[in-house]
Amino acid sequence: MALKTIRLNSENPADLKKAIHWLQEGKIGALPTETVYGLAGDATRSTVAERIFQAKDRPAEDPLIVHVASPDFAKLFGIFPEAAFRLGQSFWPGPLTLIVPKTHRIPSPVTAGGSTVALRNPSHAVMHQILKDGKLALAAPSANSFGKLSPTRADHVLSQLDGKIDFILDDGPTGWGVESTVLDVSQPNHWKLYRPGPVDLEELRVWVQGEGYDLKIEDCSRESAREQESHPLPSPGILAKHYAPHTALKLIHSAEVKDREKGIHAGKRWGLIKTGLSPDVASNDVHPQIKYCSEDGTLESAGKNLYAHLHTLDRAGYDMLYVEIFPHSGLGAALNNRLFRAASEKDSNY
Ligand code: TXA
Ligand code: MG
C-alpha cells in the first residue's frame, strides 16, 4: 500500500524539528541541498539505505552519497589521504563529493558493497542545520526515480516519489540546480573526475598546482557508452542513459535554433530549450513551447532553470524536446554532461 508522504515547510521551525526527529528514527524524506533535492536517510543503518534504493527503484550496485556537517565529521566515515582532506577543507561546505575508502561506520548497502564511500559536506543552510542539530550522517541520492530527471523543486520530487517516501521538506527552488562534482580522491597521486559539476575541473587543477601537490586529475566523465560497456563501471552514475525525460530529447547547436523556432510557430509539437546566454534573449518569445534557461546571461542562472524547464516541457507531452548545447566550459561542461545523458540519440553534437 502506498505511504502518505507528509509535506513539511522549511520555514516552520516545528517542521524542521519533525524532519530531524523522523530521520533519527530511521524514516526517509526529501531534503533541499544547494544542488538538487536529495532523498535522505540515516547513513549508518542498512535498512534505511535499502528503503532509499527501493523508493528510487535504484539498482543495488549504484552507491549513495553520504552527507555530513563538517570535514572533521567526514573523517568518521572515510579515510582521507592528506591532499584529499585539504581539498575538502578548501571546497567544503559546497557542491563537491569526494570518494575515499570507507570506515566500518558505513554499512555495506550504502556503498553498494564497495570499499569506498562518497562524502559531501553541503552548504545549504537547512540541510546543514539538520545534519548538525540531528548529529546525523545522511545518505542522500538525488530525489528522483532512477535514471530520471533530478528535482530542483518540491513538486518535481512529488511527481516521482509521492507515496514512496515518508516526507518532503519544501524549501523552494534549489541553488545550483545541477548535481555536485564527483571526484575520486582515494589514490594519493591520481584523482579521477567521474561527474562534472559546479566545482569545475580547471578550478580543481588550479588548486592542486597552488598547493604544490604532485598529482594528476583525470577526466573520466566523458567516456563513451562503448568504453563503459567494455569494463566494469567505476562510478555507476556515469551510465550513458541517465537524467532522462520521458519525451525524446535531441541536442542542437545554436545555429539550428532558428529552424526549430520556425517549426514551432508553424505548428510542430516540439518543446525548445534555449541557453538564454546570448544578448538577444530578451526577445519576448513567450511561446509556451519555448523556454530560456538563463535569465541574466550567466551560466549560473541557466543551471538553476534547466531541470525545471525539462520537467515542465516533459509533462506537456510534446513529440520532441530540442535543447541548445551550452558553451563547453565551467558550469557549461556540467550542464552538457547531463544533457548528453538525457539525449535519446547519442550523436556527435557533444
Ligand atoms: O548534488 C548531489 O550530489 C546530490 C545531492 C542530493 O547531494 N546527490 C546526488 O546523488 O546527485 P546521486 O546518487 O544521484 O549521484 C551520486 C553519484 C552517482 O553517480 C554514483 O554512482 C556516484 O555518485 N557514487 C556514489 N558513491 C560512489 C563510490 N563509492 N564510487 C564511485 N561512484 C560513486
Ligand atoms: Mg541522481
Side-chain angles (χ1 to χ4, degrees), residues 36 142 144-160 173-174 176-179 196 222 224-225 239-329 331-350:
V36 299
S142 49
N144 50 280
S145 300
F146 180 71
K148 298 293 174 206
L149 284 174
S150 288
T152 56
R153 314 271 193 278
D155 67 302
H156 300 163
V157 176
L158 290 168
S159 70
Q160 302 187 48
T174 57
W176 286 98
V178 61
E179 304 83 350
R222 297 183 67 172
S224 71
L239 281 170
K241 182 86 178 166
H242 220 82
Y243 309 101
H246 296 96
T247 319
L249 185 153
K250 192 167 187 322
L251 299 183
I252 57 172
H253 288 292
S254 307
E256 298 165 61
V257 167
K258 279 265 168 304
D259 275 351
R260 304 302 161 200
E261 283 176 326
K262 275 190 206 149
I264 286 171
H265 288 297
K268 294 276 190 199
R269 290 181 36 79
W270 297 336
L272 171 65
I273 298 180
K274 298 172 67 169
T275 62
L277 295 173
S278 51
D280 69 320
V281 289
S283 97
N284 294 317
D285 196 338
V286 289
H287 198 292
Q289 286 165 247
I290 302 173
K291 304 285 180 200
Y292 296 88
C293 286
S294 186
E295 290 160 12
D296 60 7
T298 65
L299 276 167
E300 283 71 21
S301 164
K304 282 180 204 293
N305 294 318
L306 175 64
Y307 284 167
H309 289 329
L310 284 169
H311 278 279
T312 304
L313 293 180
D314 194 25
R315 279 178 203 164
Y318 298 127
D319 297 333
M320 180 69 99
L321 299 183
Y322 289 101
V323 186
E324 184 184 3
I325 293 179
F326 288 89
H328 200 78
S329 62
L331 192 61
L335 301 177
N336 286 342
N337 168 276
R338 307 309 188 271
L339 288 172
F340 176 67
R341 281 159 177 74
S344 36
E345 285 172 44
K346 305 293 171 212
D347 55 26
S348 54
N349 273 322
Y350 178 70

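Predicted model, so just to flag it, every value in this text is computed and none were measured.
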ask   = Is there side-chain contact between L249 and L251, with at least one heavy-atom pair below 4.5 Å?
value = yes
ask   = Step by step, would you call I290 with K274 a side-chain contact (heavy atoms from CB on, under 4.5 Å)?
value = CA-CA 8 Å; I290 302 173; K274 298 172 67 169; 4.0 Å; yes
key: Aromatic ring pairing H287/H265, orientation class (parallel under 30°, perpendicular over 60°, tilted between)   = perpendicular
key: Non-hydrogen atoms of L277 and P327 that approach each other most closely   = CD1-CD, 3.4 Å
Sidechain-backbone polar pair: R260 side chain, I273 backbone, donor-acceptor under 3.5 Å = no
request  = Write down the atom of V36, the atom of P151, and the distance for their closest heavy-atom approach.
outcome  = CB-O, 3.3 Å
query = Is the backbone of N144 close enough, under 3.5 Å, to the side chain of Q160 for a donor and an acceptor to pair up by distance?
reply = no
ask   = For E261 and L272, which heavy atoms make the closest approach, and how far apart are they?
value = CG-CD2, 3.4 Å
note = dist T312:OG1 -> H156:NE2 (nearest 0.5 Å) comes out at 5.5 Å
ask   = With side chains defined as the heavy atoms from C-beta onward, is the minimum distance between L299 and S301 less than 4.5 Å?
value = no
query = What distance separates S294 OG from L306 CG, expressed to the nearest 0.5 Å?
reply = 11.5 Å
message = Working to the nearest 0.5 angstrom, can you tell me the gap between M320 CE and L313 CG?
response = 13.5 Å
task = Flag the pair V178 / L335 as yes when at least one side-chain heavy-atom distance between them is below 4.5 Å, and no otherwise.
result = yes
request  = Check whether any side-chain heavy atom of L331 sits under 4.5 Å from a side-chain heavy atom of W176, and report yes or no.
outcome  = yes
ask   = To the nearest 0.5 Å, what is the distance between OG1 (T247) and OH (Y318)?
value = 10.0 Å
key: Separation of H253 NE2 from E324 CD (nearest 0.5 Å)   = 10.5 Å
inquiry  = Parallel, tilted or perpendicular, judged at 30° and 60°: which one describes the rings of Y322 and W270?
reply    = perpendicular
task = Ignoring hydrogens and angles, tell me if any N or O in the side chain of H246 forms a donor-acceptor pair with the backbone of D314 under 3.5 Å.
result = no
Least distance between heavy atoms, G317 atom then R269 atom = O-NH2, 2.7 Å
key: Student check: side-chain heavy atoms of D319 and K268 closer than 4.5 Å   = no
ask   = Under a 4.0 Å N-O cut-off, is there an ion pair linking D155 with R315?
value = yes
Close side-chain approach of H309 and C293, heavy atoms under 4.5 Å = yes
inquiry  = Donor-acceptor check, side chain of R338 to backbone of E179, threshold 3.5 angstrom: yes or no?
reply    = yes
query = Does the side chain of F326 come within less than 4.5 Å of L339's, by heavy atoms?
reply = yes
message = For a quick test of reading the model, state the closest non-hydrogen atom pair linking A308 to R153 and the distance between them.
response = CB-NH2, 3.6 Å
inquiry  = Taking P245's backbone N and O only, do any of them form a donor-acceptor pair with H311's side chain (distance below 3.5 Å, no angle check)?
reply    = no
